[in-house]
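To start, the structure itself, in structure tokens.
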Number of protein chains: 2
Amino acid sequence: MATTVWQIPKASVKNLNKHAALDLIRFAPGGISRIELSRQIGLTRAAVTSIVGDLIEARLVREANGQHSGGRKPINLEINPDFGRVLGIDIGSTHVTVVLANGLAQVLNEVNAPLDITQGPEICLPQVVQVINTWLPNTGTGLSEILAAAVDVPGPVVSDAGKVGAPPIMPGWDNFPIRDWLEERLGCPVSLGNDAEFGALGEWAFGAGRGEKNLAYIKVGTGVGAGLLLDGQIYRGTTGSAGEIGHITLVEDGPICTCGNHGCLEALAGGRSLALRAREGISKGRRTSLAEIWPANSIIAKDVIAAARRGDLFCQQLVIDSGYHLGTAIASLVNLINPDIVVIGGGVAQLGDLLLDPIRQTVKQRSLKVSWQAVRISAAILGRRSSAMGAVVQALSMSLHQIAQV
Amino acid sequence: MATTVWQIPKASVKNLNKHAALDLIRFAPGGISRIELSRQIGLTRAAVTSIVGDLIEARLVREANGQHSGGRKPINLEINPDFGRVLGIDIGSTHVTVVLANGLAQVLNEVNAPLDITQGPEICLPQVVQVINTWLPNTGTGLSEILAAAVDVPGPVVSDAGKVGAPPIMPGWDNFPIRDWLEERLGCPVSLGNDAEFGALGEWAFGAGRGEKNLAYIKVGTGVGAGLLLDGQIYRGTTGSAGEIGHITLVEDGPICTCGNHGCLEALAGGRSLALRAREGISKGRRTSLAEIWPANSIIAKDVIAAARRGDLFCQQLVIDSGYHLGTAIASLVNLINPDIVVIGGGVAQLGDLLLDPIRQTVKQRSLKVSWQAVRISAAILGRRSSAMGAVVQALSMSLHQIAQV
DNA sequence: TAAACAATGTCAAGTGAATTAACATATTTG
DNA sequence: CAAATATGTTAATTCACTTGACATTGTTTA
């Protein structure tokens with residue numbers, strides 16, 4: 001099993017084993033004992049006793065109960081939920097979700113608010129802070145109690161700089177110092193990431209791909225993007241734009257995409273395309289419950305998904321078509337990446353096998369046997385919250401490892 | 001810069017810094033000083049002095065001369081070329097190449113021999129050993145002087161087991177204990193890898209992608225495969241079949257491929273396809289110097305490449321067509337992986353820009369701006385020897401780090 | 001040319017995270 | 001209840017690394 005997500009900073013190579021132990025404790029479902037730690041890290045029991053002693057003294061870890069067999073009952077260790085609280089902030093193209101979590105990454109409270117990302121950072125970010133400032137006191141938590149926060153946005157991120165690259169969906173955000181701006185207003189360390197990347201992290205830590213070594217999370221929202229977790233580490237690529245599966249060309253002269261090209265996956269299977277195809281169908285007189293909506297061009301992807309769920313055959317077919325296109329692109333990904341699991345997230349993933357079956361079928365047909373036999377294709381377990389939970393994981397990584405530093 | 005290729009075994013986490021220093025010395029072009037090591041590893045000068053002292057005492061490293069500026073001249077360090085010799089063995093579908101190298105990975109001697117991989121391991125492997133046994137004594141090196149060897153084969157490898165997965169081009173090799181068999185006959189540790197994977201390693205260490213963090217090596221031979229080096233580490237995927245770019249579907253109802261599907265990249269742009277398209281053109285009466293060859297179905301990819309080189313316009317067009325198909329698949333790879341560099345290797349890569357320009361053009365057209373702007377697309381510098389050199393790097397990794405262990 | 005400066009490299013004492021080897025504790029089993 | 005088994009702790013020791021002083025080797029300046 002992969003052990004670390006946290007990129008260990010150079011200054012702490014010294015305490016490598018302490019950080020390794022901390023991550024093993026964090027991500028072990030149901031806790032882990034000292035002896036199991038010693039086996040996995042490769043240290044002696046004595047060394048682990050000493051390391052765990054430090055972690056308990058720092059109030060990061062506590063002892064709990066677990067099961068056993070044979071001799072003496074092992075003492076289970078888990079993160080101390082009261083060591084502190086963090087925020088996970090998921091900024092989408094039309095909304096923001098903020099999650100308050102404790103040390104165990106348990107969600108204590110949550111808030112949603114609409115947002116229009118095209119309005120740029122000067123409008124959006126103050127809105128986000130405003131939402132937090134009015135909501136947080138009601139949860140019984142002061143802003144000063146927050147140890148760290150992580151934010152994700154739907155575009156490629158230059159993570160060292162805390163800015164976004166050149167996102168087509170985020171006009172005006174280019175070069176704005178998102179992380180620094182938020183750190184100042186929230187008064188705590190902030191980490192900036194990509195939504196699909198954090199989705200991958202969330203599903204890896206607490207979702208469908210728990211503990212897998214190689215995971216791809218496909219976020220099918222307004223756009224389509226992938227977050228990659230390879231050999232147990234988030235993979236960002238050279239300029240932070242790895243995983244841009246949405247702009248793979250599938251159909252030579254297909255419909256035009258927001259990126260300027262034709263026939264991109266996003267233009268064939270994304271939320272925008274789903275709505276568009278629904279409207280086209282209606283104008284051609286296809287039989288569907290959506291025909292009642294007026295004006296027809298107010299139909300959005302959410303409507304199509306809801307109708308498909310209710311049993312609307314036309315909308316179900318639209319979803320299935322999306323599945324085949326997604327499957328084609330995912331087959332390429334499976335051939336190239338050879339992952340353990342592909343997790344499908346975003347709105348349409350709620351439809352489960354209706355979407356997944358055509359994906360699975362296409363992947364089986366279009367990728368190498370060794371690769372498709374090894375891969376599971378599942379819907380996101382954390383659903384709408386995959387990315388926010390990934391942000392929580394990231395925020396906890398920051399504060400846990402920072403405190404463990406000394 | 002990426003520092004390690006060698007996957008550090010658990011037992012040596014203790015000497016982490018010693019291994020880090022060794023790799024920095026190995027891959028620093030023109031040597032590296034103690035002070036530079038201390039900066040890059042993050043240790044004090046005193047600690048580096050001690051570590052380097054150990055390495056010199058073990059005869060792995062020696063002092064050499066370099067340039068300076070300012071105060072005292074730094075003493076450059078390099079691997080001691082005489083610490084030992086290794087073999088790099090590249091098994092292709094029709095040939096085997098064996099390279100003898102010293103500690104600095106300098107090629108001392110080389111041998112080529114034909115081979116038919118479809119004859120299975122019981123025929124091929126004894127042939128390989130036979131080639132080595134007759135050639136090696138002439139180089140002034142006894143088999144007993146070889147510290148380690150690395151072998152690559154053109155199929156997915158289960159590297160822990162030292163066997164191949166389920167390669168379509170390698171019937172009969174499935175489950176044969178290639179590594180163990182060779183270790184016994186050669187009397188030294190052997191590492192088994194995939195040809196594209198070792199090609200990536202070779203070009204990363206001494207070729208076109210020297211020291212890059214994220215590199216993809218595309219081997220265009222009889223088949224088409226990619227080796228991936230991500231975040232400075234070889235990436236193999238879950239079952240060792242990552243990088244199978246050759247079986248990405250490009251054309252829905254395209255020509256049939258060896259894998260059973262239709263329209264795979266390999267069936268459109270691989271060596272087999274190149275020869276096939278040449279024969280088809282001839283039978284249609286196209287004007288080409290290849291028409292002289294008789295019978296027409298004896299034409300192979302090598303002939304087409306040679307003709308294109310001589311200026312045969314028909315053959316050049318075939319190569320350009322291959323370039324566009326390769327470009328389409330590489331555009332997907334660039335979108336997904338966002339690499340620093342894509343290195344094109346194999347026979348056709350000798351043609352340089354004739355092949356690369358259509359690739360570059362297609363990638364520019366079909367991938368995201370942030371990604372194609374960041375990526376270089378180059379031909380392999382090591383040419384035919386990319387994989388064999390990667391094998392040398394791997395073999396040296398084994399012996400250097402094993403000796404440094406204690 | 002000598003003195004000052006600058007950078008690299010080494011040495012010796014001290015620190016702390018690990019190992020080793022013995023012991024303590026808790027739970028199941030005969 | 002004793003024996004067996006597994007987990008966890010303790011104290012002495014080891015060794016990689018830091019600290020701070022010093023040595024070496026080069027350039028620059030008075």
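By convention in this document, chain letters (A, B, ...) are assigned in the order of the sequence lines, proteins followed by strands, and residues within each chain are numbered from 1.
Salt bridge annotation for A/Glu203-A/Arg385: absent, with no cationic side-chain nitrogen under 4.0 angstrom from a carboxylate oxygen.
Using a 30° and 60° split on the angle between ring planes, A/Trp204 and A/Phe27 fall in the perpendicular class, above 60°.
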Where do B/Glu78 and B/Arg26 land on the salt bridge (Lys or Arg N to Asp or Glu O under 4.0 Å) test, with the steps shown first?
CA-CA 7 Å; B/Glu78 62 180 23; B/Arg26 288 177 71 193; over 6 Å; no
Given B/Thr238 and A/Asp340, is the side-chain hydrogen bond (donor to acceptor under 3.5 Å, both in side chains) satisfied, shown in steps?
CA-CA 6 Å; B/Thr238 299; A/Asp340 296 276; 3.1 Å; yes
Apply side-chain hydrogen bond (donor to acceptor under 3.5 Å, both in side chains) to the pair A/Ser38 and A/Arg45, showing each step before the final yes or no.
CA-CA 6 Å; A/Ser38 81; A/Arg45 284 170 298 167; over 6 Å; no
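Here D/dA16 is the nucleotide among D/dA11, D/dA16, D/dG8 with the atom lying nearest to any side-chain atom of B/Asn15. Of the candidate nucleotides D/dT19, C/dT19, D/dT25, D/dT19 has the atom nearest to the side chain of B/Thr44. For B/Lys73, the side-chain atoms get nearest to D/dG26 when compared with the rest of D/dT9, D/dG26, D/dT7. Nearest to the side-chain atoms of A/Ala47 among the listed nucleotides C/dT19, C/dG9, D/dT18 stands C/dT19. Considering only the side chain of B/Ile75, C/dG9 comes nearest among D/dG20, C/dG9, D/dT7. Across D/dG8, D/dC17, C/dT8, the shortest atom-to-atom separation from the side chain of B/Leu43 is found for D/dC17. Taking every side-chain heavy atom of A/Ile35 into account, D/dG8 is the closest of D/dG8, C/dA18, D/dT24.
Between C/dT8 and B/Arg39, a contact under 4.0 Å exists linking OP1 or OP2 to a side-chain N or O. In this structure, B/Ser33 does not reach the C/dT8 phosphate: none of its side-chain N or O atoms is under 4.0 Å from OP1 or OP2. Listed pair A/Asn17 / C/dA17 fails the phosphate criterion, with no side-chain N or O lying under 4.0 Å from OP1 or OP2. OP1 and OP2 of C/dA17 both lie 4.0 Å or more from every side-chain N or O belonging to A/Ser50.
Rounded to an integer number of Å, the gap from B/Leu16 CG to D/dC15 P is 19 Å. The CG atom of A/Leu77 sits 12 Å away from the C1' atom of D/dT7 (whole-angstrom rounding). Whole-Å rounding puts the B/Leu55 CG to D/dA16 P distance at 12 Å. Nucleotide D/dT7 holds its C1' atom 14 Å from the CD1 atom of A/Ile32, rounded to whole Å. A/Asn76 places its CG atom 15 Å from the C1' atom of C/dA26, with the value rounded to the nearest Å. What separates CD1 of B/Ile51 from P of C/dT10 is a distance of 13 Å, to the nearest Å.
Contact of A/Arg72 with D/dT7 (side chain to base): a donor-acceptor pair of N or O atoms is detected under 3.5 Å.
Projected onto DNA chain D by closest heavy-atom contact, B/Asp54 and B/Arg45 fall at different nucleotides, the more 5' of which corresponds to B/Asp54.
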